[in-house]
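Right, one structure below, let's go through it.
Each ligand, and each atom within it, is numbered from 1 in the order the structure gives.
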Amino acid sequence: MKMSDYWTTMASLLGMLAFCQTILQLVFPPELRLAFIHLLTRIGHVFSSHIYFDITEIDGVNTNELYNAVQLYLSSSVTVNGAVSSSNNTRLSLTRVPNSSSVTFGLSNNDRITDVFNGVTVLWEHVVVQRQVQSFSWRPMPEEKRGFTLQINKRDKTLVLDSYLDYIVGKSEEIRRKNEERLLYTNSRGVSLDSRSHPWDSVRFKHPSTFETLAMNPEKKKQIMEDLREFANGQGFYQKTGRAWKRGYLLYGPPGTGKSSLIAAMANYLGYDIYDLELTEVQNNSELRKLLMKTSSKSIIVIEDIDCSISLTKRGKIKQNNGCYDPSLTNGSGSITCMEEPGSSVTLSGLLNFTDGLWSCCGSERIFVFTTNHIEKLDSALLRSGRMDMHIHMGFCKFPALKILLKNYLRFEEEDVDGVVLKEMEECVEEAEITPADVSEVLIRNRSDAEKAVKELVCVLKERVLKRRKTVGLKKKKKEEGEEEEEEEEEETEEEHEKRALDSPNRNRELLGFEEDHFKEEDEEEEKEK
Ligand SMILES: Nc1ncnc2c1ncn2[C@@H]1O[C@H](COP(=O)(O)OP(=O)(O)OP(=O)(O)O)[C@@H](O)[C@H]1O
Ligand SMILES: [Mg+2]
């Protein structure tokens, strides 16, 4: 057919359509016109190779969960940028819901978007029509009738019904968790703990720390992230192996090395709420148990500075008359490893029951995180394998972590820093034994002048190295002179050896590098100060 003939035919067809429409408008009332259009559409569907699914916003009188799921799924930025390719002229509306941490996209009225799932292309249309005025209704209905129409090829029907819709529901839940602001709960003394009241106070939790901004060994970071992801996706595994769906992490290291930042990053990564348990505010073990019962699943229960919270640190014979004997506190050889002081409000056994006992399984998908600056002070009952699944050492800043901080604060990539300066930093950062918090402080102070920030950082690192060398030299000298302090130090070291022997079976610590040297030196310094 010639091009001119084609255009002539098209023009006459359009003319006919316009004529029919005018006749329809003149002759038939609107209701009849709508019915006629529906009929035409249905006839079209019979001969079409496609199949259509309508997902309306309101199903009868109930809200259709699937509509919300589809809306959320299609609105995620990931979907818009990746899996879903919108046609060029698709108009997206942007929304930011109160309390939400991100902007969401939405399909404008009667616009379309395509999605690809397992190699199958589907078409989504957002259909919005005015609702006809109702004379009476028990429940006020929205003025607009909204819904999504899913158009798929007839041959892909099984795939879509079997897995695509489930996939959308799962994905939308993930997006919802990510977008929603998380909550930070804390407990306070004297709050009523009856069955109806909530003993936790909550505030909105908006901590900016993420695994991306966290300065730590990238390998270690990857391991932690994988462990968390496996945990969150591990419902089947935990059920199959008969284990409670919970996991424990012990974070230890000097102040300012990012323990709290890591907890925030964990919560942001998984989209979990945080329960910051203040143990000193809990009056007894039964109150502790009640607090646990009032936590929700998908949450991280944190006890910071566990060594300072309750008397967990003393070893020796248990006082039979103080009523806190617990067989679980015996070590492998049967001897008692913990003594709890009379009058202490929450006991070690109470805490162990909290994390490990039958009560710990009410609710699921929960992570326990304990932090301490002094792992050597903790009782072995808390450290033994299986109790805290992963022991994570947050140590002084090393070169890979330093590079992350330079990127965070100065937007510096490795190639932006002068090669010689970078080498200087690499050489002295470990010996300087500087915490990420101290590095951050220098960088924040000079953040308006990146060059100056780097120069000052190098100066600080060098100063610290000199200071440390001096201290180590002094120590050596004193050792050679055989002072009294040496004996005390040796005693301490023996105790640490004993501790290490107890700790050695833990595989995770080996995996993550159980670097106690810092603590040893810290303690030696403390001892000297005394
Ligand atoms: N590993 C890190 N990565 C990024 N920032 C860090 C890191 N460690 C510390 N910081 C910075 O230092 C500040 C203090 O860190 P954080 O509170 O996480 O340390 P901490 O180990 O919990 O200390 P403490 O033992 O005193 O509770 C944080 O606000 C953060 O800006
Ligand atoms: Mg902290």
Protein residue, atom and distance nearest to [atom], heavy-atom basis:
{"atom": "atom 13 (C) of ligand 1", "value": "A437 CB, 4.2 Å"}
{"atom": "atom 27 (O) of ligand 1", "value": "S260 OG, 4.0 Å"}
{"atom": "atom 21 (O) of ligand 1", "value": "K259 NZ, 2.7 Å"}
{"atom": "atom 23 (O) of ligand 1", "value": "G256 N, 2.9 Å"}
{"atom": "atom 31 (O) of ligand 1", "value": "Y409 OH, 3.7 Å"}
{"atom": "atom 5 (N) of ligand 1", "value": "L405 CD2, 4.2 Å"}
{"atom": "atom 29 (O) of ligand 1", "value": "S261 OG, 4.6 Å"}
{"atom": "atom 3 (N) of ligand 1", "value": "A215 N, 2.7 Å"}

Could you pull out, from P255, S440, A265, S209, the option with a heavy atom nearest to atom 26 (O) of ligand 1?
->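 Result: the heavy atom closest to atom 26 (O) of ligand 1 is in P255.
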Distance-only polar pair, side chains of [X] and [Y], donor-acceptor under 3.5 Å:
{"X": "E365", "Y": "Y272", "value": "yes"}
{"X": "T347", "Y": "N285", "value": "yes"}
{"X": "E278", "Y": "T280", "value": "yes"}

List the steps and the verdict of side-chain contact (heavy atoms from CB on, under 4.5 Å) for R289 and N353.
-> CA-CA 8 Å; R289 199 160 51 223; N353 269 334; 5.7 Å; no
Is any side-chain heavy atom of R469 closer than 4.5 Å to a side-chain heavy atom of E431?
-> yes
Indicate yes or no: at least one non-hydrogen side-chain atom of D201 is less than 4.5 angstrom from one of S188.
-> yes
Would the F370 and Y249 ring centres measure less than 6.0 Å apart?
->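 Centroid separation for F370 and Y249: 6.0 Å or greater.
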E433 and side-chain contact (heavy atoms from CB on, under 4.5 Å): which partner among R468, R464, K467?
->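 Between E433 and the candidates, side-chain contact (heavy atoms from CB on, under 4.5 Å) is satisfied uniquely by R468.
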Test applied, side-chain contact (heavy atoms from CB on, under 4.5 Å); reference residue, L410; option that passes from L443, L457, L405, D449 = L443
Please check if atom CZ in R445 has more than 12 non-hydrogen atoms from other residues, nucleotides or ligands closer than 6.0 Å.
-> yes
If you measure from each heavy atom of F211 to ligand 1, is any distance below 4.0 Å?
->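 No, F211 has no heavy atom closer than 4.0 Å to ligand 1.
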Pi-cation contact, Y269 with R229 (under 6.0 Å, within 45°) |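 Checked: cation-pi criterion met.
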With only distance considered, is [X] within less than 3.5 Å of ligand 1 through an N or O on each side?
{"X": "D305", "value": "no"}
{"X": "L214", "value": "no"}
{"X": "G253", "value": "no"}
{"X": "M216", "value": "no"}

Expected output: side-chain T257 to main-chain M394 donor-acceptor under 3.5 Å =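 Side chain of T257 to backbone of M394: a pair is present.
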Indicate yes or no for a side-chain donor-acceptor contact from W245 to the backbone of F231 under 3.5 Å, with no hydrogens or angles considered.
-> yes
Would you mind running through ligand 1 and noting each atom that sits below 4.0 Å from a heavy atom of N373?
-> 25 (O)
Could you list the atoms of ligand 1 found under 4.0 angstrom from a heavy atom of T213?
->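 Reading through ligand 1 atom by atom, the close ones are 4 (C).
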Distance from N446 atom CG to K455 atom NZ, nearest 0.5 Å?
-> 11.0 Å
Can you count the protein N, O or S atoms that lie less than 2.8 Å from the Mg ion (ligand 2)?
-> 1
